[in-house]
Number of protein chains: 2
Amino acid sequence: MKQRKLYNRINLLRQERKLSRKELAEKIGVNFQTVGYLEREEYNPSLDLAFRISECFGLPIELIFSTKPQPPLSEELMRWRNKEE
Amino acid sequence: MKQRKLYNRINLLRQERKLSRKELAEKIGVNFQTVGYLEREEYNPSLDLAFRISECFGLPIELIFSTKPQPPLSEELMRWRNKEE
DNA sequence: AGAAAATGTTATATATATATAATATGAAAC
DNA sequence: GTTTCATATTATATATATATAACATTTTCT
């Protein structure tokens, strides 16, 4: 199966939480270079790794990863605020 | 990284929708034997494949896959019904 | 009963993710 | 200025997911 390229917000979320790649890597149990590969979207994580990242940030997988390029979180927030008028 | 074993409801969801493995396999673009491996939980899907399955069933990844053994869907339903008393 | 379809299972080859090492660059600290 | 830390990047080895084939077993249909 040809894997589609997936997009993610790992870099953004990591910075929000003021973590270095090394620190994040330790929390999710991978090599710190692997975090680099993921942030640069050079390859996709396994589902297990996606779950670890999701657990680490306390956010659902769909908020972190997506099949389409991700809009800025601020935009997404505004969409929700407008929804409940 | 040692991958954790993940659990899923693919078999249940596929049967609800009355699909054969072959039919489901075609919809998500993998070999039909791969569906077998996934249903038997012999290995985890890639994140991309998890997204395809999620899209195919119209359900979030977290409802289909989990890091802990999955309770019957009926139980999960009752938990939600009780929540809104 | 027999044919056809679905499933279970094993084996092997290929594709992709992950670990590790090595090196380069840039920023911050002092 | 040089030391330290974070990041970027490349290369290679290993682990894991996926494709494919082959065959056995079960279920369904007639």
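Protein chains get the first letters and strands the later ones, always in sequence-line order, with residue 1 at the start of each. For the numbers below, each heavy atom of this structure counts, side chains included, while hydrogens, waters and symmetry mates do not.
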Checklist entry - In whole angstroms, how far is the C1' atom of C:dA17 from the CZ atom of A:F65? => result 13 Å
Checklist entry - Separation of A:F32 atom CZ from C:dA22 atom C1', in whole Å? => result 11 Å
Next on the checklist: How about NZ on A:K22, more than 12 heavy atoms from neighbouring residues, nucleotides or ligands closer than 6.0 Å, or not?
Outcome noted: no
Checklist outcome for this item: Atom CG of B:L47 and atom P of D:dA17 are separated, to the nearest Å, by 13 Å
Checklist entry - Do A:Y43 and D:dA17 share a donor-acceptor pair, side chain to base, under 3.5 Å? => result no
Item to check | Separation of atom CZ in B:R52 from atom C1' in D:dT18, rounded to whole Å | outcome: 11 Å
Checklist outcome for this item: Comparing A:G36 with A:K2, nearest DNA chain D nucleotide closer to 5' gives the residue A:G36
Next on the checklist: Here's a test for you: under side-chain contact (heavy atoms from CB on, under 4.5 Å), which of A:I53, A:I10, A:T34 qualifies with A:I28?
Outcome noted: A:I53
Checklist entry - Starting at CD1 of A:I28 and ending at C1' of C:dA19, how long is that distance when rounded to a whole Å? => result 13 Å
Item to check | Among D:dA11, D:dT18, C:dA11, the nucleotide that comes nearest once only the side chain of B:Y37 is considered | outcome: C:dA11
Next on the checklist: Quick check on C:dT18: is either OP1 or OP2 less than 4.0 Å from any side-chain nitrogen or oxygen of A:S46?
Outcome noted: yes
Checklist entry - Taking only side-chain nitrogens and oxygens of B:N31, does any of them come within less than 4.0 Å of OP1 or OP2 of D:dT20? => result yes
Next on the checklist: Does C:dT16 have OP1 or OP2 under 4.0 Å away from a side-chain N or O of A:N44?
Outcome noted: no
Next on the checklist: Using the rule given for side-chain contact (heavy atoms from CB on, under 4.5 Å), can you reason through A:R9 versus A:L59, listing the C-alpha separation, both sets of side-chain angles and the distance that settles it, and then say yes or no?
Outcome noted: CA-CA 11 Å; A:R9 290 177 168 134; A:L59 298 172; over 6 Å; no
Next on the checklist: Check for me, please, whether A:Y7 and B:L47 land in the same ILVMFWY cluster - side-chain distances under 4.5 Å, paths through other members count.
Outcome noted: no
Next on the checklist: Go through it in stages, so that I can follow the logic: the residues are A:L38 and A:L49, the test is side-chain contact (heavy atoms from CB on, under 4.5 Å), and I'd like the CA-CA distance, side-chain angles, deciding distance and then a yes or no.
Outcome noted: CA-CA 11 Å; A:L38 294 177; A:L49 182 47; 3.9 Å; yes
Next on the checklist: Just the rounded figure in Å: distance from P of D:dT18 to CG of B:L24.
Outcome noted: 13 Å
Checklist entry - Does the side-chain contact (heavy atoms from CB on, under 4.5 Å) test come out yes or no for B:Q70 and B:L12, once each step is laid out? => result CA-CA 11 Å; B:Q70 312 240 42; B:L12 175 75; over 6 Å; no
Checklist entry - Heavy atom of residues 54-64 of chain A under 4.0 Å from DNA chain C: which residues? => result none
Item to check | Length of the line joining B:L49:CG and C:dT16:C1', which is rounded to integer Å | outcome: 13 Å
Next on the checklist: Just to be sure I understand the geometry, which residues of residues 11-20 of chain A put a non-hydrogen atom under 4.0 Å away from DNA chain D?
Outcome noted: A:R14, A:S20
Checklist entry - Can any side-chain N or O of A:D48 pair as donor or acceptor with the backbone N or O of B:R4 at less than 3.5 Å? => result yes
Item to check | For the student: nearest non-hydrogen atoms of A:N11 and A:E39, plus distance | outcome: ND2-OE1, 2.8 Å
Next on the checklist: Checking the side chain of B:E75 only, and the main-chain atoms of B:P72 only, is there a donor and an acceptor separated by less than 3.5 Å?
Outcome noted: no
Checklist entry - Between B:E42 (CD) and D:dT16 (P), how many Å, whole number? => result 14 Å
Checklist entry - Mind checking what makes salt bridge (charged side-chain N to carboxylate O under 4.0 Å, His left out) contact with A:E16, not counting sequence neighbours? => result none
Checklist outcome for this item: The residue, A:R40 or A:Q3, whose nearest nucleotide of DNA chain D is more 5′ is A:R40
